[in-house]
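Have a look at the structure below, then the notes.
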Amino acid sequence: MGLVDRGRLPKPLTSLFNMGRSYSLWVYQWGLACCAIEMGAAFGSPRYDVMRLGVIPLPASPRQADLVVISGTVTDKMAPAIKRLYEQMPEPKYVISMGSCANCGGPYWDSYSVTKGVDQIIPVDVYVPGCPPRPEALLEGIVLLQQRIKNEDMGARWRGEGTKSMNIVDGESAEKGGVPVVVHN
Amino acid sequence: MTMLGDRQQLAYIASQAADARVNVELETEGMTLNIGPQHPATHGTLRIIARLDGEQVVWAEPSAGYMHRGYEKLTEVRTFPQVTALVNRIDWLGSFANEVPFILAAEKLMGVEAPSRAQHIRTILFELSRIANVSLFLGDLGVQLGAITPVFFAFRDREYVLNLIEGATGGRFHPNFDRIGGLKDDLPAGFIDETRVVMKKLRTFCDQIEDLLFGNEIFQSRTRGIGVIPKDVALSYGLSGANLRASGVDWDLRRDQDIPMAWNKTDFKVITHPDGDSFARCWVRLQEVRESTKIVDQLLDTIPAGPVMAKVPKIIKVPEGEAWVSTENPLGEMGYYVVSQGDQGPFRVKIRSASFNNISIVPWLLKGVYVPDIITILASLYFILGDIDR
């Protein structure tokens, strides 16, 4: 992929790659609290069935994962472990923050032991609000992330310029490139 | 005893010597195995540090606190109705069951008693949350032992129960439905008929799991006789709930104590098992789901008419005093010791959650077991991390 490394991949080819990437996400589940059950319902239950979106749960290790779903309360004791496993994931990697606790601390906003938002430690792509969010909300978050991946300029990410939008597909404008998305439910 | 011939004796000694030599040559070094704090199949983060000698555990200790959210401190800066929303999230699988003992303690301090219709509905929702909780355990159990199918069954049938809870309370997961003096609302129309249908489905689910999982030879050989907790040890470690009943102790707070709930108006069996091994713990829980469906069916027949809310002031101030109420929650005994100094919020709340005591037996229980059995034993002990760390 020398062309990608130098950021000189033609746009049609990029969008082809992006389509492939967006429908073969391996999700690393970080089940921390209540939200993990709803995440389990989204990933493991016959009613919601995330695999129809092209998302494969349960990789053997974070080193094989493209996406991590942080679902639940992040405590100060847990935060270093989250950062460490996030750093083990290969680029390009994405983060969905699921539930109020991971977004901002949630009901524990004044607790002494809770990290107020996982975005203090790792960058977040999609926020899914709710306490806990319904499985449908998580699925919508994944769909939004897939839209973002389809739009992404792969070369920019490889060059280390962060997430940049190509503005090929409708839905996300070029200026909104690196800004996190919030699911409205 | 048959006497060995000279030649046989020599051969025996030679083989023993060879074994000893092998043992010296292949002497294993101790190894520390760190299980957790993160595992994709769990919801919550328990870390277990185990020192191994070969395949055997020499020493093991759970390291709790990765999920500590400071409930007891937070309750001091919340008002009484706000605490309900908070304690919902302690045992997140059976949320409604967490509210009840706290509300009962507050009612005890205020000298209020909920109307009998509210008590009935509380008990129904309590048992529904027990079913939602334990049915997920039955599915998760399969996953922990390497069988993926039960979890699909569990999630499928659990959704029915969650729909019922959502229909009645508006919250699929965390109802926050209990109020001091009763309930927020009455049951919706059609709830009773729908619940009857779902209870029938849940009994079918129990049959399926019993055939599919408990009748499975692999499952039985991995759980029978493994992780045995004798009666006296179980009592001395403060185990409660199904873990205690699986060790043969006939103890159930639903039957044994007199609290303003509707259990004493129903007829149910307290399931015990004499073995105390992993299989017994799982089996007791499965039978308890069955009993719970029967309790719900009985309560549906006898819901009295009347209001669901007693007369309480709009701004709740709980008079000075201390109260302790505990109930038989899905995981075991859960209780709140509430100290009030006459303010809108509690002065101090001590939360006794079942999993914390249930997990305290882990260092004793894991000594000498093999590595694959660690997972079986932990799965059968059934803890919820929010319930351990609070």
Close side-chain approach of Arg89(B) to Cys131(A), heavy-atom, < 4.5 Å:
yes

Bottom line for Cys35(A): the part with an atom under 4.5 Å from chain B's heavy atoms is neither

Filtered by a 4.5 Å non-hydrogen cutoff, the part of residues 108-118 of chain A contacting chain B is Tyr108(A), Trp109(A), Asp110(A), Ser111(A), Tyr112(A), Ser113(A), Val114(A)

Show the numbers, then the answer: is there a side-chain contact (heavy atoms from CB on, under 4.5 Å) between Arg47(A) and Phe152(B)? CA-CA 9 Å; Arg47(A) 182 178 288 194; Phe152(B) 298 128; over 6 Å; no

- Message: Contact between Phe173(B) and Cys34(A) at the side-chain level, heavy atoms closer than 4.5 Å - yes or no?
- Response: yes

To the nearest 0.5 Å, atom OG of Ser45(A) lies from atom CZ of Arg156(B) at 11.0 Å

Output for pair (Thr75(A) OG1, Met67(B) CE), nearest 0.5 Å, gives 5.5 Å

Closest non-hydrogen contact found for Phe155(B) with Pro46(A) is CB-CD, 4.4 Å

So, the part of Tyr71(B) with a heavy atom under 4.5 Å from chain A: the answer is side chain

*Does atom NZ of Lys350(B) have more than 12 heavy-atom neighbours, drawn from other residues, nucleotides or ligands, at distances under 6.0 Å?*
yes

Margin query: With a sphere of 6.0 Å drawn around NZ of Lys73(B), does it hold more than 12 non-hydrogen atoms of other residues, nucleotides or ligands?
Written below: no

Heavy atoms, side chains only, cut-off 4.5 Å: are Glu38(A) and Trp92(B) in contact? no

Rounded to the nearest 0.5 angstrom, the CG-CD1 distance for Asp140(B) and Ile37(A) is 7.5 Å

Sorted by chain and number, sequence neighbours left out, ring pair (Phe, Tyr, Trp, His ring centres under 6.0 Å) with Phe177(B) holds for none

Would you confirm whether Lys77(A), through its side chain, and His68(B), through its main-chain N or O, come within 3.5 Å as a donor-acceptor pair?
no

Could you check whether any side-chain heavy atom of Arg134(A) comes within less than 4.5 Å of a side-chain heavy atom of Arg172(B), counting everything from C-beta outward? yes

Honestly, the part of Arg47(B) sitting under 4.5 Å from a heavy atom of chain A is neither

(message) Please check if the number of heavy atoms outside Arg348(B) that lie under 6.0 Å from its CZ is greater than 12.
(response) yes

